[in-house]
Amino acid sequence: MNPSLKKQITSYVLVLICGLLLFGCKDVNQTSEKIVLEESIKIEKYRPQFHFTPKEKWMNDPNGLVYNNGTYHLFYQYYPDSTVWGPMHWGHAKSKDLLTWKHRPIALYPDSLGYIFSGSAVIDNENTAGFGKDAMVAIYTYHDPVKEKAGQIDYQTQGIAYSLDDGETWTKYKGNPVISNPGIRDFRDPKVSWYEEKEAWQMVLVAKDEVQFYESKDLKAWEKISTFRFDDKPPLGVWECPDLFQLKVEGTEEEKWVLIVSHGGNSLPNGGSGTRYFVGDYDGTTFTTDQKESQWIDYGTDNYAGVTYNNEPNGKRIFIGWMSNWNYATTTPTEKWRSAMTLPRELQLIKIDNKYLVKSKLVDGFEAITEDISKEDLEGNFPTQFQYTDLQQSIIAFNAKINNKLQIQFSNSEGDTYSLGYEKAIGKFYTNRTNSGNVNFNENFAKSSYQTMPIGIYNNMKVTIILDASSIEIFINDGEYVMTNQIFPNSNFTKFEVLKENDSKIDNLNIRKVATIL
Ligand code: FRU
């Protein structure tokens with residue numbers, strides 16, 4: 001048995017024994033009470049078991065994604081006093097494998113310049129800023145609520161802070177802000193990385209409806225070098241959380257640059273907030289693209305504000321997004337905490353029919369925390385139903401040879417259903433969470449029940465579905481197209497069904513249990 005699964009089962013047995021002790025005896029012993037409390041987080045309704053969640057209270061965007069000395073750091077927008085958004089801090093967690101996380105103390109607190117909004121982190125190996133060799137430097141947005149309330153528009157500026165102990169404790173730079181507000185209301189979310197050819201730090205920053213590029217030798221003095229705009233008709237909602245990086249087209253020597261931007265309002269084709277990308281060229285100053293229309297990192301409603309790791313040791317582009325949507329994020333039916341991150345995904349660039357596509361592939365290493373439940377060969381055998389004790393913590397993969405329609409459904413004993421499928425005639429993949437349980441906590445959630453993604457004509461496809469308590473992530477062909485959804489079923493899904501409308505052939509169905517790694 002996989003060691004982490006063994007550990008998980010042992011801990012469940014411990015909880016059970018401690019539970020019996022607690023409820024069965026009058027003399028409750030302190031130690032068992034503590035174990036029960038620590039374990040209780042794992043049995044909270046809707047608490048993901050292998051996605052990152054804050055122990056308690058509100059979380060939104062991933063921030064400061066940086067790898068240093070064997071550790072991946074995940075900072076995040078955090079409000080420790082409530083389960084709804086408020087004065088922003090940077091929460092902090094660390095991981096060796098991007099899957100198992102250790103919670104760390106809050107890294108950055110609001111100060112007299114404002115709340116600490118989203119941003120990035122770099123490792124200053126050459127001590128360019130003078131904070132110390134190998135200092136971890138965070139570059140973030142200050143959002144000044146006092147100025148905002150006073151009706152001024154220049155309330156967002158950029159600040160920096162540094163840590164000399166691997167992100168445990170932080171000192172804010174005395175010369176903050178390092179970039180003042182030029183009179184633009186939305187001016188935020190700096191992503192900084194090292195640009196080798198110019199031996200300089202470069203920053204992408206959103207300013208209303210454009211991305212601005214800045215450069216600096218020391219992380220303190222910044223000069224604006226260019227601007228990127230895209231002619232959206234009609235305009236999309238507010239521009240947020242940009243990122244810029246280079247990728248090689250898979251299987252070739254062709255190098256391209258990818259610019260990511262998240263958009264609020266009702267920008268995503270399926271409603272609410274979404275993240276799009278542009279593939280183009282960058283000459284060290286200016287980004288250009290021939291792309292004519294928006295392409296989205298994820299077509300599901302629940303992957304927002306995602307950015308990628310700096311300094312990833314294997315040269316991979318690892319992306320993490322916030323698994324929610326501003327259209328209903330503050331009202332999701334969880335009690336002690338709100339929101340989770342997506343599973344980390346490796347972004348890869350491919351070219352299909354002369355079109356560039358950014359693929360989101362599940363990170364290597366995920367298999368290690370899974371264990372087979374069943375393998376079935378379904379070819380030519382419909383309709384088919386499989387009953388399991390629990391599918392809410394599993395990865396389900398199959399190949400489909402598409403005739404006309406693919407129709408799959410998950411359900412539970414309460415009659416809740418979540419379905420997904422593909423209609424070849426119109427080249428659309430869809431998900432349907434209309435009857436998936438609690439959908440009425442917010443009318444915007446209910447409105448986005450049926451979601452589609454235009455993937456074009458496929459004769460064969462590999463479908464990978466990852467279910468974790470209140471989330472479902474669907475990867476087509478290892479991430480050529482992705483849909484991420486939150487769901488709140490009344491009880492765990494136990495049935496996997498190939499519906500009778502289906503006329504495609506499905507084989508190699510493999511269902512694996514995923515370990516609890518909170
Ligand atoms: C994106 C965002 C960012 C901002 C942060 C505030 O979700 O709106 O633009 O920095 O959240 O929490």
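Read the numbers this way: they start at 1 and go in the same order the structure lists the ligands and their atoms.
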> What do the steps show when you test Glu168 against Arg104 for salt bridge (Lys or Arg N to Asp or Glu O under 4.0 Å), and what is the final call?
Replying inline: CA-CA 7 Å; Glu168 294 294 306; Arg104 304 305 308 148; 2.7 Å; yes
>> Run the salt bridge (Lys or Arg N to Asp or Glu O under 4.0 Å) test on Lys94 and Asp166 for me, step by step, so that the C-alpha distance in whole Å, both residues' side-chain angles and the decisive distance to 0.1 Å come before the verdict.
In response: CA-CA 10 Å; Lys94 289 179 176 180; Asp166 208 32; 3.7 Å; yes
> What atoms of ligand 1 come within less than 4.0 Å of a heavy atom belonging to Tyr304?
Replying inline: 1 (C), 7 (O)
> Closest non-hydrogen protein atom to atom 8 (O) of ligand 1, residue and atom name please, with distance?
Replying inline: Glu240 OE2, 2.8 Å
>> With heavy-atom distances below 4.0 Å as the criterion, list the atoms of ligand 1 near Phe117.
In response: 4 (C), 6 (C), 10 (O)
> Given Val238, Asp61, Asp186, which has its nearest heavy atom closest to atom 7 (O) of ligand 1?
Replying inline: Asp61
>> Can you name the atoms of ligand 1, numbered from 1 with element, that are less than 4.0 Å from a heavy atom of Gln77?
In response: 5 (C), 6 (C), 12 (O)
> Going by the atom numbers of ligand 1, which of them fall below 4.0 Å from some non-hydrogen atom of Met88?
Replying inline: 12 (O)
> Taking atom 9 (O) of ligand 1 as the point of reference, which of Asp189, Val206, Asn63 owns the nearest heavy atom?
Replying inline: Asp189
> Regarding Glu312 and Tyr72, is there a side-chain donor-to-acceptor distance under 3.5 Å anywhere?
Replying inline: yes
>> Within ligand 1, which atoms have a heavy atom of Arg188 less than 4.0 Å away?
In response: 3 (C), 4 (C), 9 (O), 10 (O)
> Strictly under 4.0 Å, does any heavy atom of Tyr115 approach an atom of ligand 1?
Replying inline: no
> Of all the atoms in ligand 1, which lie at a distance below 4.0 Å from a heavy atom belonging to Ser118?
Replying inline: 5 (C), 10 (O)
What side-chain donor-acceptor pairs closer than 3.5 Å can you find for residues 263-272, not counting sequence neighbours?
from   : atom 1 : to     : atom 2 : distance (Å)
His263 : ND1    : Gly237 : O      : 3.2
His263 : NE2    : Arg276 : NE     : 2.9
His263 : NE2    : Arg276 : NH2    : 3.3
Asn266 : OD1    : Gly272 : N      : 2.5
Asn266 : OD1    : Asn327 : ND2    : 3.2
Ser267 : OG     : Gly237 : N      : 3.0
Ser267 : OG     : Gly264 : O      : 2.5
Asn270 : OD1    : Thr452 : N      : 3.0
Asn270 : ND2    : Tyr299 : O      : 2.8
Asn270 : ND2    : Thr452 : O      : 2.8

> What part of Asn60 sits under 4.0 Å from ligand 1 if we count only heavy atoms: the side chain, the backbone, both or neither?
Replying inline: side chain
> Who passes ring-ring contact (aromatic ring centres under 6.0 Å, His included) against Tyr328, sequence neighbours left out?
Replying inline: Phe445
>> Does Lys191 form a salt bridge (Lys or Arg N to Asp or Glu O under 4.0 Å) with Asp243? I'd like the steps, not just the answer.
In response: CA-CA 6 Å; Lys191 171 71 193 261; Asp243 197 355; 3.1 Å; yes
>> Run Glu210 and Arg229 through salt bridge (Lys or Arg N to Asp or Glu O under 4.0 Å) and show every step you take.
In response: CA-CA 5 Å; Glu210 63 185 34; Arg229 297 179 67 89; 2.6 Å; yes
> Between atom OH of Tyr115 and atom CD of Gln156, what is the distance when rounded to the nearest 0.5 Å?
Replying inline: 12.0 Å
